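Keep in mind it's a predicted model, so treat the numbers as computed, not measured. Whatever order the structure lists them in is the order used to number ligands and atoms, beginning at 1.
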Amino acid sequence: MNELFVAESDQIAEGQRQFIEHEGQQIAVLRVQGELVAYLNICPHQGGPVCEGMLIHKVVDVLDADRCHQGMRFDENTLHIVCPWHGWEFNARTGVSAGAGNWKLRSFPVQEREGKIYVRIL
Ligand code: FES
């Protein structure tokens, strides 16, 4: 198991990300809703640089009592990262695909201690 230094804590603010290289691959560390997460920068769809994608709130349908569509709204509690190649969305906190729950970004444990951020490569 390797532990890699990523950045000083104050270098990754809320909604920001930092990329590190490990054995020829990129890993992104993001601070999302107060938590640090780390993902391999390879989309499980077709290998795009998913971690370079936009962070947006999940879009949800608004239905009335008869289940008729009344429009859409953003879910302010859930952030998605959107792969720049084909637009697949993944929950930024869990890495799980919004469209197909059995697809997931490869994640790594992140630790923040004494003002520094580290990723463990298992
Ligand atoms: S490679 Fe990411 S959506 Fe296709």
When you look at N41 and E52, which way does the side chain to side chain contact (heavy atoms under 4.5 Å, CB included) test go after all the steps? CA-CA 8 Å; N41 190 23; E52 296 174 20; 3.5 Å; yes
For atom 4 (Fe) of ligand 1: the N/O/S atom of H45 at shortest distance: ND1
If I take every N, O or S atom of C43, is at least one of them less than 2.8 Å from atom 2 (Fe) of ligand 1?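 Looking at C43, which is the residue asked about, there is an N, O or S atom under 2.8 Å from atom 2 (Fe) of ligand 1.
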Suppose we only count N/O/S atoms under 2.8 Å; would H86 qualify as near atom 2 (Fe) of ligand 1?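 For H86, the answer is no, given that no N, O or S atom comes within less than 2.8 Å of atom 2 (Fe) of ligand 1.
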Under 3.5 Å, is there a donor-acceptor pair between the side chain of Q33 and the main chain of N77? yes
Gap separating the OG atom of S97 from the CG atom of L105, nearest 0.5 angstrom: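 Going from the OG atom of S97 to the CG atom of L105 covers 8.5 Å.
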Mark up the atoms of ligand 1 that fall under 4.0 Å of a heavy atom belonging to [X], in ascending order.
| X | value |
| --- | --- |
| G48 | 1 (S) |
| C83 | 1 (S), 2 (Fe), 3 (S) |
| W85 | 1 (S) |
| W88 | 3 (S) |
| Q46 | 1 (S) |

Applying side chain to side chain contact (heavy atoms under 4.5 Å, CB included) to K58 and not counting sequence neighbours gives V60, D75, T78, H80
Quick one: list whatever passes side chain to side chain contact (heavy atoms under 4.5 Å, CB included) with V29, sequence neighbours left out.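 V6, I12, L36, A38, V110, I117, V119.
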The test is side chain to side chain contact (heavy atoms under 4.5 Å, CB included); show your working for Y39 and V50 and say whether it passes. CA-CA 9 Å; Y39 300 117; V50 60; 5.9 Å; no
